[in-house]
S.K.: 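Quick one: this structure, given as structure tokens, is what I'll be asking you about.
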Amino acid sequence: MPLRIATWNVNSIKSRLEAACAWIKSAAPDVLCLQEIKCETGAFPAQAFEDLGYNVAVHGQKSYNGVALLSKWPMDDIITALPGNEADAQARYIEGVVMANGAAVRVASIYLPNGNPADTEKYSYKLAWMARLKAHAQNLFQHEEALVLAGDYNVIPQPEDVHNPASWVDDALFKLETRSAFREIINLGFTEAFRAVDCSVKRYTFWDYQAGAWQKNNGLRIDHLLLSPEAAMRLIACEIDKSPRGAEKPSDHTPIWADLRT
DNA sequence: ATGTCGATACTTTATCGA
């Protein structure tokens with residue numbers, strides 16, 4: 001059995017608890033990285049996931065942001081902040097080592113800042129956060145271990161990852177500066193799992209709630225799994241599961257998972 | 001052109017963030 005690592009921005013775990021439990025039962029991920037849980041750590045519905053056989057690690061925050069790791073396997077070395085800025089109070093990062101049948105895989109659940117509007121301090125915060133992520137990833141690379149940085153990157157890597165690239169050139173998710181910062185992280189030696197196995201276009205992980213974006217397939221591919229070489233050599237599949245986005249009361253994101261050989 | 005959600009509070013509608 002491969003090790004399945006998934007990521008899903010649920011846009012409030014309170015609103016999505018039923019959908020999350022249903023998806024977990026159907027996709028049976030070993031690890032699920034959640035973003036935008038939008039609740040404080042103590043308010044996270046851990047019991048519901050423990051009942052499904054998962055260990056739970058949460059870094060929550062009132063109202064906004066918030067990330068979590070669910071793992072069928074024991075987790076160790078949990079860290080709940082991206083190093084590099086002690087003053088940053090936004091809950092956007094949690095990392096842990098999953099002990100899967102004796103083989104350790106380090107997994108992070110990432111909620112990278114949106115950054116819009118791009119002419120404000122929100123965008124400089126995004127770029128600073130990406131620089132911190134790069135620095136931290138560079139440190140993690142020294143371990144030469146299987147490492148998966150998964151989450152909502154709020155980055156459209158390439159024109160083929162958005163329905164209408166021309167209208168997104170000034171957006172914080174697609175600006176050249178954003179894509180360049182993402183590329184800098186990739187260039188440390190990561191493999192972006194989806195593009196490693198699938199070159200098809202019009203493949204998205206997010207569709208805005210507005211303007212019939214889902215019905216028209218006007219989406220964005222902004223949820224990614226970045227694999228260290230030790231993880232990438234084990235990659236056997238990566239798929240976007242669109243079904244939760246088409247269900248009742250959906251998140252605006254849908255899950256994406258990668259299977260690693262064990 | 002607009003369109004939608006979810007959380008919050010001096011709440012029952014407006015504001016913010018996405």
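Below, read A as the first sequence line, B as the second, and so on, with proteins coming before strands; counting in each chain starts at 1. Because only heavy atoms are used, hydrogens play no part in the values below, and waters and symmetry mates are left out as well, while side chains stay in. Everything quoted here is computed from the prediction, not taken from an experiment.
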S.K.: Give me the distances for all protein-to-nucleotides 3-7 of chain B N/O pairs that come in under 3.5 Å?
M.R.:
residue : atom : partner : partner atom : Å
B/dT4   : O4'  : A/Y209  : O            : 3.4
B/dG6   : OP1  : A/R16   : NH1          : 3.0
B/dG6   : OP1  : A/R16   : NH2          : 3.1
B/dG6   : O3'  : A/S12   : OG           : 3.2
B/dA7   : OP1  : A/S12   : OG           : 2.3

S.K.: Return the value, rounded to whole Å, for the distance between atom CG of A/N65 and atom C1' of B/dT8.
M.R.: 15 Å
S.K.: Which residues within residues 110-134 of chain A lie with some heavy atom under 4.0 Å of an atom in DNA chain B?
M.R.: A/Y111, A/N114, A/K122
S.K.: How close or far is atom P of B/dA18 from atom CG of A/D171, stated in whole angstroms?
M.R.: 12 Å
S.K.: Just the rounded figure in Å: distance from P of B/dG17 to CG of A/D152.
M.R.: 17 Å
S.K.: Filter on ring-ring contact (aromatic ring centres under 6.0 Å, His included), then keep only pairs touching residues 96-115 of chain A, sequence neighbours left out; what's left?
M.R.: none
S.K.: Could you give the distance separating B/dT2 and B/dA7 at their P atoms, to the nearest angstrom?
M.R.: 26 Å
S.K.: Considering only the P atoms, how many Å lie between B/dG3 and B/dA14, rounded to the nearest integer?
M.R.: 14 Å
S.K.: With rounding to the closest Å, how many angstrom separate the P atoms on B/dC10 and B/dC16?
M.R.: 15 Å
S.K.: Taking the side chain as every heavy atom from C-beta outward, state whether A/N218 and A/D208 have any atom pair closer than 4.5 Å.
M.R.: no
S.K.: State which residues pass salt bridge (Lys or Arg N to Asp or Glu O under 4.0 Å) with A/E239; sequence neighbours excluded, sorted by chain then number.
M.R.: none
S.K.: Mind checking what makes salt bridge (Lys or Arg N to Asp or Glu O under 4.0 Å) contact with A/E145, not counting sequence neighbours?
M.R.: A/R106
S.K.: If a pair satisfies salt bridge (charged side-chain N to carboxylate O under 4.0 Å, His left out) and one of its residues is in residues 244-262 of chain A, list it, with sequence neighbours excluded.
M.R.: A/R4-A/D259
S.K.: Going by the rule side-chain contact (heavy atoms from CB on, under 4.5 Å), which residues pair with A/A104 if we only count those two or more places apart in sequence or in a different chain?
M.R.: A/V97, A/M99
S.K.: Using the side chain to side chain donor-acceptor pair (under 3.5 Å) criterion, which residues pair with A/S71? Sequence neighbours excluded.
M.R.: none
S.K.: Restricting to salt bridge (Lys or Arg N to Asp or Glu O under 4.0 Å), what partner residues turn up for A/R221, sequence neighbours left out?
M.R.: A/D161, A/E192
S.K.: Looking at every strand, decide which applies to A/R245 at a 4.0 Å heavy-atom threshold: base, sugar-phosphate, or nothing.
M.R.: nothing
